[in-house]
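Each remark here refers to the structure printed beneath this line.
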Amino acid sequence: MSTEVCEITCIVCPTGCKVRVVREGSKVIEVSGNTCKRGETYASQEAVAPQRTLTTSVKVTGGDFALVSVKSATLVPKARLFDLMKAVQKLRVAAPIRIRDIVVHDVLGLGIDLVATRTVRKTGE
Amino acid sequence: MKTEYDLIVIGGGPAGLAAATAAYDQGLRDILIVERDRFLGGILNQCIHTGFGLQEFREELTGPEYAQRFVDKTLEDGIPFLLDTMVLAVRPDRTIVAISPKLGRLELHAKAIVLSMGCRERTRAAIMVPGTRPAGVMTAGTAQRYMNVEGYLPGHNVVILGSGDVGLIMARRFTLEGARVNAVLEIMPYSTGLTRNIVQCLDDYGIPLLLNHTVTSVHGGKRVTGVSIAQVDDYRRPVPGTEREIACDTLITSVGLVPENELSKTAGVQLDPITGGAVVNQRLQTSVPGVFACGNVLQVHDLVDNVSEESQRAGRSAALYVQDKLPQTLRSIRVVPASGIRYVVPQCVDVTEQTETIKLFMRPSDVFKGASVELRTDSREEPLAKFRRSRLTPGEMVVLTVQGTVFAAVEADILVGVKVL
């Protein structure tokens with residue numbers, strides 16, 4: 001099988017290293033240009049199957065905030081981000097919600113939970 | 001109501017909370033935080049994306065999560081705070097005039113004050129974009145508040161002017177919420193946003209970044225119907241013949257942040273014309289005794305982690321000032337930006353009996369590759385210290401950690417400049 005070279009800009013931290021990944025199909029052969037271990041992990045994954053953390057918000061009823069901000073507890077396949085967004089836009093959750101609460105279990109059966117990144121109290125509390 | 005405090009912190013965002021809790025840890029107990037919004041945590045509440053806290057907490061947090069850590073610490077320490085309370089003036093004698101719907105007009109006094117009011121976005125008016133004045137033109141931060149705090153989508157078909165980080169983040173946010181982002185325009189030949197944000201907010205969604213481009217006119221009556229855009233030349237003037245129109249219902253501006261120093265002015269604090277913030281020493285003391293400044297009101301940071309670190313220093317200094325424990329200054333050395341450097345904070349370093357490591361924050365005035373930042377004095381040939389950097393850009397703040405001995409050894413101004421290798 002022929003090898004393919006991917007030039008990837010690392011997004012793990014603000015440094016933004018330019019990482020070069022050599023792969024053969026879905027097998028990573030060589031990673032260079034990264035300046036930390038996390039960069040190697042990120043670039044290897046990115047070259048084969050890109051993933052992102054999804055952050056968005058869910059509408060809240062009866063809370064001191066109209067929305068609760070959420071993040072995916074695990075990485076989401078990049079190609080599924082919009083599917084997740086569509087599912088989340090329809091949702092309503094009731095206050096109170098505490099930071100780190102799971103707001104949505106197993107979205108779209110992908111095994112991904114959405115976790116609250118802020119506390120929303122009940123109105124008037 | 002109590003009106004006398006040891007320390008009053010103006011602003012309950014990341015800077016104010018870090019300063020207040022650090023002052024508490026330094027032993028101060030009589031502290032008040034004054035916040036104009038209806039919640040603590042400031043702008044972080046609407047920054048729901050990740051990317052915060054890698055330096056401060058060694059993990060990647062969203063804005064609200066980062067804020068929560070400092071809010072929790074504030075609550076644990078039992079530091080009192082006023083919400084919905086707007087400070088109207090700070091006087092040089094450290095009297096504060098504030099106003100709130102609940103408490104009316106307040107006049108408070110403190111032995112020390114920390115100014116941590118943050119910054120404000122430049123608007124369409126600030127950059128004088130010609131055209132009509134329809135609804136649908138707003139700053140990236142305003143759109144972010146609508147979408148992430150209030151729960152409204154402020155447009156469906158968007159053009160973004162300016163490639164600062166907030167603009168990039170909003171390009172992705174609009175896209176994820178189902179709006180179309182036509183393009184991000186940047187008048188400079190480079191983006192001032194972080195590389196990671198160009199990758200994960202634009203490239204990921206196929207949003208074009210048009211460098212050397214600007215909006216030449218806004219169209220529409222009641223609502224934006226489109227914008228004219230054009231390429232610009234080396235002098236940032238539109239190039240004839242390159243103009244074209246993009247149909248859109250929303251123009252988002254992300255064209256820079258300005259420290260919000262109206263209160264620093266009423267306090268009589270000396271300001272730096274380049275940063276727009278106070279002139280301070282390494283302890284974040286301003287020119288007015290007992291008044292300290294930190295966070296984006298002092299200098300616009302890229303990372304909240306740096307805001308927290310700076311503000312903790314300010315909080316500690318304010319506490320030491322109240323406790324009369326600040327070391328005696330032997331002499332002050334000015335730190336002056338030289339070639340390739342736009343500004344340096346702190347603008348002066350006070351030399352005392354103890355030598356301490358000093359952090360210098362600065363922004364380059366241009367993009368440099370393979371350069372070093374050097375500290376020099378006029379009288380000596382050799383640099384006092386030099387720091388190699390593979391790449392310098394105005395979009396990324398440079399932080400140098402300088403040994404205290406460097407300052408202890410000199411009497412004159414220290415010049416900080418870029419030398420291309």
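Source: prediction; values computed, not measured. Every heavy atom of this structure was used, including side-chain atoms; hydrogens, water molecules and symmetry mates were not.
Chain A forms the most heavy-atom pairs under 4.5 Å with one residue out of B:L54, B:D302, B:L303, B:L194, and that residue is B:L54. Most heavy-atom pairs under 4.5 Å with chain B, from the set A:S57, A:G16, A:P50: that is A:S57. Here A:R52 is the residue among A:K59, A:R100, A:R52 with the most heavy-atom pairs under 4.5 Å with chain B. In terms of heavy-atom pairs under 4.5 Å with chain B, the best-connected choice from A:A116, A:C13, A:A66 is A:C13.
Atoms CZ and CD1, from A:R118 and B:I48 in turn, are 8.0 Å apart once rounded to the nearest 0.5 Å. With rounding to the nearest 0.5 Å, the separation of CD1 in A:I99 from OG1 in B:T62 is 6.5 Å. Atom CD1 in B:I198 sits 9.5 Å away from atom OG1 in A:T9 (nearest 0.5 Å).
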Atom pairs and distances, donor-acceptor, side-chain atoms in residues 140-157 of chain B, under 3.5 Å, two or more places apart:
{"residue": "B:T142", "atom": "OG1", "partner": "B:T139", "partner atom": "OG1", "Å": "2.7"}
{"residue": "B:Q144", "atom": "OE1", "partner": "B:Q46", "partner atom": "NE2", "Å": "3.1"}
{"residue": "B:Q144", "atom": "NE2", "partner": "B:Q46", "partner atom": "O", "Å": "3.4"}
{"residue": "B:R145", "atom": "NE", "partner": "B:E150", "partner atom": "OE2", "Å": "3.0"}
{"residue": "B:R145", "atom": "NH1", "partner": "B:D37", "partner atom": "OD2", "Å": "2.7"}
{"residue": "B:R145", "atom": "NH2", "partner": "B:D37", "partner atom": "OD1", "Å": "3.4"}
{"residue": "B:R145", "atom": "NH2", "partner": "B:E150", "partner atom": "OE2", "Å": "3.3"}
{"residue": "B:N148", "atom": "OD1", "partner": "B:R173", "partner atom": "NE", "Å": "2.7"}
{"residue": "B:N148", "atom": "OD1", "partner": "B:R173", "partner atom": "NH2", "Å": "3.4"}
{"residue": "B:N148", "atom": "ND2", "partner": "B:Q46", "partner atom": "O", "Å": "2.8"}
{"residue": "B:E150", "atom": "OE2", "partner": "B:R38", "partner atom": "NH2", "Å": "3.4"}
{"residue": "B:N157", "atom": "OD1", "partner": "B:N182", "partner atom": "ND2", "Å": "2.8"}
{"residue": "B:N157", "atom": "ND2", "partner": "B:A247", "partner atom": "O", "Å": "3.3"}

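The side-chain heavy atoms of B:Y205 and A:L81, taken from C-beta on, include a pair separated by under 4.5 Å.
For A:R23, the CZ atom sits in a packed shell: over 12 heavy atoms of surrounding residues, nucleotides or ligands are nearer than 6.0 Å.
A pairwise comparison of heavy atoms in B:N45 and A:F65 identifies OD1-CZ, 4.4 Å as the closest pair. Across B:E60 and A:K71, no two heavy atoms sit closer than the pair O-NZ, 4.1 Å.
For A:V68, no part sits under 4.5 Å from any heavy atom of chain B, backbone or side chain. A:T53 touches chain B through its side chain: at least one heavy atom from C-beta onward sits under 4.5 Å away, while N, CA, C and O do not. The parts of B:E177 that come within reach of chain A are both its backbone and its side chain, each placing non-hydrogen atoms under 4.5 angstrom from that chain. The parts of B:D204 that come within reach of chain A are both its backbone and its side chain, each placing non-hydrogen atoms under 4.5 angstrom from that chain. Using a 4.5 Å cut-off between heavy atoms, A:K86 does not touch chain B at all.
Here the side chain of B:R196 pairs no donor or acceptor atom with the backbone of A:C10 at under 3.5 angstrom.
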B:F39 vs A:D64, side-chain contact (heavy atoms from CB on, under 4.5 Å): CA-CA, chis, key distance, verdict: CA-CA 10 Å; B:F39 40 76; A:D64 63 349; over 6 Å; no
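Near-neighbour residues of residues 33-40 of chain A relative to chain B, defined by a heavy atom under 4.5 Å from a heavy atom of that chain, comprise A:R38.
The only option from A:V88, A:T56, A:T55, A:L54 that meets the side-chain contact (heavy atoms from CB on, under 4.5 Å) definition with B:L176 turns out to be A:L54.
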